[in-house]
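Presented below is the structure to which this report refers.
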Amino acid sequence: MTVRTRFAPSPTGSLHIGGARTAIFNWLFARNAGGEFILRIEDTDRTRSTEESIEEITDAMEWLGLDWDEGPFRQSDRLDIYQEHANKLLESGKAYKCYVTPEELEEKRKEAQSKGEVLRYKREWAKLNEGPDNPYAIRLQTPDEGAIEVQDLLRGIVTFDAGEVDDFVILKRDGFPTYNFAVVVDDATMNITHVIRGDDHLINTPRQVLIYNALSYEIPKIAHVSMILGADNKRLSKRHGATSVVAYKDRGYLPEAIINFLSRLGWSYGDQEIFSKTELVEKFTLKNVGKSAAVFNEEKLDWLNAWYIRNEPAQEIAKLVIPLLKEKGLEVELDNKLIKIVQELSQRAKTLLDISNTIDYFYADEIEYEEKAKSKFLKPEIKPVLQELADRLSSLADFNMDEMHKVFDQVMEERELKLGKIAQPLRVALTGGTVSPGIFEVMDILGKDEVLKRLSKAISTIPNN
RNA sequence: GUCCCCAUCGUCUAGCCUGGCCCAGGACAUCGGCCUUUCACGCCGAAAACAGGGGUUCAAAUCCCCUUGGGGACGCCA
């Protein structure tokens with residue numbers, strides 16, 4: 001039988017980190033098994049679901065490279081299927097109509113709460129408000145005692161007391177299914193073989209088991225993976241800062257880094273840290289998935305992102321940087337110069353923004369000096385050195401790094417100066433600051449004319465003692 | 001409160017199932033050093049954990065129990 005997994009987000013916001021991890025696990029599991037990955041939108045909450053969210057989620061998944069074989073299906077398009085199933089249960093007496101209004105229940109709930117209790121729905125309330133035209137919800141008739149066993153691929157058999165589960169709603173009075181009902185009907189009718197989802201759903205599973213049984217559907221294999229927590233050990237949420245995939249995209253992270261990082265959260269393969277996507281597909285098994293919750297550690301993500309920026313071809317990174325520069329009002333083409341710059345800057349960037357934010361001096365018409373750098377390095381005693389450098393560099397017929405090195409060797413020897421003594425002032429002259437790629441690389445990228453122009457500006461800036 | 005899940009360095013984790021190879025390995029972060037024209041990269045090194053208690057056993061991070069701690073769920077949300 002073909003393995004079929006699914007990712008079933010509810011469109012109430014953009015794809016968040018936890019959802020992305022679940023999606024990745026399902027995707028990897030399916031791809032590893034040569035199976036199929038289905039995308040299903042769980043939009044049964046009419047008040048909270050939005051079109052924009054659906055688009056944001058699919059965009060984020062495409063960006064991550066999580067391609068799906070079927071879907072996106074929408075539960076809101078399948079209402080007749082759920083109703084059909086609910087009617088079947090109604091006819092067989094496994095479910096019944098409940099006329100109690102949500103408001104009445106809410107009141108009872110509050111009342112119980114004030115007594116420190118939890119409301120347990122009572123079957124005999126069902127006929128309250130009964131009338132031919134009165135709206136009703138459909139509830140599943142559940143056993144009052146006994147044990148409900150859940151087979152979990154990661155945790156083994158988890159046993160629940162049937163007494164804990166009361167007659168829950170499967171079809172709301174608006175005709176929409178509840179989460180538990182829709183999930184079961186969908187997973188069954190879509191022939192899902194493996195359900196991989198967050199830990200927070202484990203508690204729902206006994207209810208779903210009851211539905212499967214009532215419908216005489218086979219229960220798929222289920223694995224509950226642990227959740228991702230924030231640094232404070234609380235469930236990852238808005239107050240932890242950036243929690244959506246797009247937020248990380250916008251902050252200059254690469255999809256490869258996110259995939260790699262999220263895969264390693266709760267899953268491992270010996271001591272290996274860096275995984276290409278193909279490698280992940282090859283190596284992913286549920287056996288290596290851990291059971292405990294994982295804290296989202298942005299520093300490690302940074303390290304991975306830096307690794308990918310460093311190791312990706314400069315041309316590819318350059319393509320990603322261009323739109324970022326455009327946003328800053330810097331129109332740049334994908335040419336040799338840009339690729340060379342990116343090649344250098346990517347060695348010292350954690351995110352794409354680190355590149356786009358430190359690139360300006362390569363394109364500036366006029367260099368502005370950082371005050372501190374200027375006062376520390378552009379001092380009178382260095383003026384003749386810079387002048388000599390300028391003279392010698394200007395006479396170079398071939399402005400390449402070999403020749404530049406020779407010029408520097410000569411100047412260093414004559415003046416008995418170490419390279420460091422010359423390089424820093426020169427760096428300030430050329431870049432305006434004290435941090436940049438190697439000085440020869442910088443000169444190579446700027447080219448002879450620009451180097452001489454900037455040198456002469458620096459020289460004229462320095463007072464004569 | 002009730003139910004469910006979880007528990008190895010600050011963090012992600014290896015080892016746990018199938019006890020001995022573990023005075024617990026790797027990675028991020030931290031600190032020190034080397035390299036060096038700055039910043040990075042790279043390399044070398046340091047510090048850093050089996051939550052506590054009780055069993056079982058010749059032997060326990062590994063098996064069992066209790067405690068503690070953390071998380072999740074208790075909706076006509078998903």
Side-chain angles (χ1 to χ4, degrees), chain A residues 8-12 42-45 47-49 75 98 100-102 105-106 109 113 116-120 135-139 150 152 154-156 158-161 163-166 168-174 176-180 182-183 198-206 224 226-227 229 231 233-235 261 264-274 287-288 290-304 306-307 310 344-350 354 358 373 377 408 418-428 431 433-440 442:
Chain A
S10 58
T12 54
E42 310 221 317
D43 57 349
T44 53
D45 185 340
T47 55
R48 296 199 304 152
S49 301
Q75 292 184 326
C98 171
V100 187
T101 65
L105 280 175
E106 187 49 38
R109 196 167 286 129
Q113 222 164 49
E117 291 166 2
V118 173
L119 180 77
R120 316 238 61 221
Y136 58 85
I138 299 177
R139 287 179 184 267
V150 173
D152 188 289
L154 257 31
R155 294 157 212 278
V158 183
T159 309
F160 295 84
D161 182 0
E164 291 291 323
V165 179
D166 54 9
F168 57 94
V169 171
I170 56 174
L171 209 68
K172 308 179 210 174
R173 45 169 56 204
D174 63 2
F176 275 60
T178 56
Y179 163 74
N180 282 311
V183 161
D199 211 359
D200 47 335
H201 289 293
L202 181 54
I203 210 91
N204 284 315
T205 314
H224 288 99
S226 288
M227 327 207 42
L229 311 177
N233 271 319
K234 298 282 184 222
R235 186 186 181 144
F261 175 74
R264 274 289 281 104
L265 230 45
W267 174 84
S268 61
Y269 190 84
D271 287 339
Q272 191 172 341
E273 297 288 348
I274 306 277
K287 193 174 176 294
N288 292 338
K291 293 188 283 194
S292 48
V295 172
F296 184 89
N297 179 213
E298 205 165 274
E299 283 165 338
K300 190 154 184 179
L301 208 210
D302 282 349
W303 172 74
L304 273 167
W307 192 92
R310 240 183 290 128
E344 293 306 321
L345 292 182
S346 60
Q347 302 306 308
R348 52 216 93 210
K350 283 192 173 113
D354 287 344
T358 53
F377 292 107
F408 273 71
K418 284 193 166 188
L419 181 53
K421 286 282 175 212
I422 309 174
Q424 271 316 73
L426 179 57
R427 175 167 285 113
V428 176
T431 72
T434 54
V435 176
S436 84
I439 199 69
F440 295 106
V442 171

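Remember, it's a predicted structure, so these values are computed and weren't measured experimentally. Proteins come first, then strands; the chains are lettered A, B, ... in the order of their sequence lines, and each starts at number 1.
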Which of the following nucleotides, [options], is nearest to the side chain of [X]?
X: A:Arg48; options: B:rC12, B:rC77, B:rG42; result: B:rC77
X: A:Gln424; options: B:rU37, B:rC5, B:rG25; result: B:rU37
X: A:Ser292; options: B:rA78, B:rU8, B:rC76; result: B:rU8
X: A:Ser268; options: B:rA14, B:rC76, B:rC12; result: B:rA14
X: A:Ile203; options: B:rA29, B:rC3, B:rC76; result: B:rC3
X: A:Tyr179; options: B:rA78, B:rC4, B:rU2; result: B:rA78
X: A:Arg427; options: B:rG71, B:rA27, B:rU37; result: B:rU37
X: A:Asp271; options: B:rG25, B:rU37, B:rC3; result: B:rG25
X: A:Arg348; options: B:rA78, B:rC12, B:rC39; result: B:rC39
X: A:Asn297; options: B:rC76, B:rC28, B:rG70; result: B:rC28

So [X], base contact, sugar-phosphate only, or nothing? Heavy-atom distance under 4.0 Å.
X: A:Gly116; value: nothing
X: A:Glu273; value: base
X: A:Val118; value: base
X: A:Gly266; value: sugar-phosphate
X: A:Phe296; value: nothing
X: A:Ile439; value: base
X: A:Pro437; value: base
X: A:Asn204; value: base
X: A:Ala294; value: sugar-phosphate

Donor + acceptor pair across side chains of A:Arg155, A:Ser226 (<3.5 Å):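 Looking only at side-chain atoms, A:Ser226 and A:Arg155 do form a donor-acceptor pair, the distance falling under 3.5 Å.
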
Opposite nucleotide pairing with [N], Watson-Crick or G-U, both atom distances under 3.5 Å:
N: B:rA46; value: B:rU30
N: B:rU18; value: none
N: B:rC9; value: none
N: B:rA40; value: none
N: B:rC74; value: B:rG1

Answer yes or no: is there a donor N or O on one side and an acceptor on the other, between the side chain of [X] and the main chain of [Y], under 3.5 Å?
X: A:Thr178; Y: A:Val169; answer: yes
X: A:Ser10; Y: A:Thr12; answer: no
X: A:Arg139; Y: A:Asp166; answer: no
X: A:Asp43; Y: A:Pro11; answer: no
X: A:Arg427; Y: A:Gly438; answer: no

If I pick the [atom1] atom on [M] and the same atom on [N], what distance separates them, to the nearest angstrom?
N: B:rA46; M: B:rG52; atom1: P; result: 25 Å
N: B:rC44; M: B:rC63; atom1: C1'; result: 41 Å
N: B:rU67; M: B:rA7; atom1: C1'; result: 13 Å
N: B:rC21; M: B:rG25; atom1: P; result: 12 Å
N: B:rG55; M: B:rA60; atom1: P; result: 12 Å
N: B:rU11; M: B:rA73; atom1: P; result: 22 Å
N: B:rC16; M: B:rC64; atom1: P; result: 14 Å
N: B:rA27; M: B:rC35; atom1: C1'; result: 23 Å

Check this one for me: any side-chain N or O of [X] less than 4.0 Å away from OP1 or OP2 of [N]?
X: A:Lys172; N: B:rA78; value: yes
X: A:Arg120; N: B:rC74; value: no
X: A:Arg235; N: B:rA73; value: yes
X: A:Ser226; N: B:rC5; value: no
X: A:Arg109; N: B:rG75; value: yes
X: A:Lys350; N: B:rA40; value: no

Take atom [atom1] of [X] and atom [atom2] of [N], then tell me their distance rounded to the nearest Å.
X: A:Lys287; N: B:rA14; atom1: NZ; atom2: P; value: 11 Å
X: A:Trp307; N: B:rG42; atom1: CH2; atom2: C1'; value: 14 Å
X: A:Arg155; N: B:rC17; atom1: CZ; atom2: P; value: 19 Å
X: A:Tyr136; N: B:rC76; atom1: OH; atom2: C1'; value: 14 Å
X: A:Trp303; N: B:rU30; atom1: CH2; atom2: P; value: 14 Å
X: A:Leu265; N: B:rC6; atom1: CG; atom2: P; value: 18 Å
X: A:Asp302; N: B:rA40; atom1: CG; atom2: P; value: 14 Å
X: A:Gln272; N: B:rC12; atom1: CD; atom2: P; value: 20 Å

Decide yes or no, distance alone: a donor-acceptor N/O pair under 3.5 angstrom between the base of [N] and the side-chain of [X].
X: A:Lys300; N: B:rC12; result: yes
X: A:Glu106; N: B:rG75; result: no
X: A:Asp200; N: B:rA78; result: no

Position toward the 5' end of RNA chain B (nearest nucleotide), A:Lys234 or A:Tyr269: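 Taking each residue's closest nucleotide, the earlier one in sequence belongs to A:Tyr269.
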
Whichever of A:Leu105 and A:Ala423 has its nearest RNA chain B nucleotide further upstream toward 5':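 That would be A:Ala423.
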
Beyond-backbone contact of A:Arg264 with A:Leu304, side-chain heavy atoms, under 4.5 angstrom: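 No, their side chains stay 4.5 Å or more apart.
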
Of A:Trp307, A:Phe296, A:Trp303, the residue whose pairing with A:Phe261 passes ring pair (Phe, Tyr, Trp, His ring centres under 6.0 Å):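 The option that passes is A:Phe296.
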
Minimum heavy-atom distance A:Gly290-A:Leu154, with the two atoms named: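 Looking at all heavy atoms of both residues, the shortest contact is O-CD2, 4.4 Å.
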
NZ/A:Lys350: more than 12 non-hydrogen atoms of other groups inside 6.0 Å: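 Open: at most 12 neighbouring heavy atoms sit under 6.0 Å from NZ of A:Lys350.
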
